[in-house]
Structure formats: C-alpha cells, structure tokens
Amino acid sequence: MRFKKQRLLVIILASLMVVGLIGCTTKGPSGSSALFKAGTYATEADGYGGKIKVETTFSDKEIVKVEIVEDSETVGIGSNAIDKIPSDIVESQSLGVDAVSGATVTSEAIIEAVSKAVEEAGGDVNSLK
C-alpha cells in the first residue's frame, strides 16, 4: 500500500513540474516562442574615446546584426574591438563574448550598448551573458 502511495505522489509531482515548465515559456503573437521584439534599436555607451553609438537588429528569435554607427576610439586599439565584438555577438548569439586585449573599455561599451538594445527588444540580458 505504501509503495502505491509513493508512486502516485511521484506521478503527481512529475506532472506538476511539466505543467510548471510549460507555463514558463514565452509565446509571441503568433503562438511561437519569441525572444525579442523584431526591429532595429539604436543605443550608446561610453567607450574609451567617447560615446559609441550602436544599432542592433533583431528578428523575433535572434540577434541579426550589430553595427557601430559612430565612435571616437583609437585606431589600431579600440578599432580592433569595433571590428571584432559585433561579429562575435552575432555569431555566438551571446553577450558573453571575450573582450579584445588592449581594448577592454571599448569592448565593454559595445557589449553594454547591445545589452541596452536587448532590454528594449524585450530580451533577457542575463540569459545572454
């Protein structure tokens, strides 16, 4: 008798866990899971040489493009981060990319600007880090 009660309890708990997980999914307007509100978002952050202005484009499921539209970073140093970080973010679909050695401030500014865009697009910054 005791075994049957334990088995029933396990089944009930497993069912509740499945229902809980289903309830935590994000559904877009069409019923599919959407991670972002599609569009292009303009943000900026303080780099080493001044403001870095970034445009980040999202589909409803991914980061499509990260483009630096304005910066005052040092050529040969900060420009290395400007050339590398946007493509790393798009390729990895993550904000947890490595900073460019010697251009940490610039790298972090780009990541910060894209993080702001993720927030504006309704994405989860923490899960992308």
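Connectivity analysis of hydrophobic side chains (ILVMFWY, heavy atoms under 4.5 Å, direct or indirect) links Val75 to nothing; its cluster partners are none.
Applying the ring pair (Phe, Tyr, Trp, His ring centres under 6.0 Å) rule to pairs touching residues 88-107 yields nothing, sequence neighbours excluded. Sorted by first and then second residue, the pairs that involve residues 43-82 and meet ring pair (Phe, Tyr, Trp, His ring centres under 6.0 Å), not counting sequence neighbours, are Phe36-Phe58, Tyr41-Phe58. Judged as a salt bridge (charged side-chain N to carboxylate O under 4.0 Å, His left out), the pairs with a partner in residues 75-95 (not counting sequence neighbours) are, in order, Lys84-Asp88. Counting only residues at least two apart or in different chains, ring pair (Phe, Tyr, Trp, His ring centres under 6.0 Å) contacts with residues 59-87 are absent. Judged as a salt bridge (charged side-chain N to carboxylate O under 4.0 Å, His left out), the pairs with a partner in residues 98-115 (not counting sequence neighbours) are, in order, Glu112-Lys116.
Partners of Glu55 according to the side-chain contact (heavy atoms from CB on, under 4.5 Å) rule, which considers only residues two or more places apart in sequence or in another chain, are Thr40, Ala42, Glu67, Val69. Partners of Thr56 under the side chain to side chain donor-acceptor pair (under 3.5 Å) rule, at least two apart in sequence or in another chain, do not exist in this structure. For Glu44, the salt bridge (charged side-chain N to carboxylate O under 4.0 Å, His left out) test picks out Lys51, with sequence neighbours left out. Looking at residues two or more places apart in sequence or on another chain, you find a side-chain contact (heavy atoms from CB on, under 4.5 Å) between Ser59 and Lys61, Glu62, Val64. By the side-chain contact (heavy atoms from CB on, under 4.5 Å) test, Ser94 is found to be paired with Ser92, residues two or more places apart in sequence or in another chain being considered.
Between the side chain of Ser107 and the backbone N or O of Ala81 there is no donor-acceptor pair closer than 3.5 Å.
You'll find the side chain of Ile68 reaches within 4.5 Å of the side chain of Ile52, heavy atoms only. Two residues are said to be in side-chain contact when any heavy atoms from C-beta on lie closer than 4.5 Å; Leu128 and Asp124 fail this criterion.
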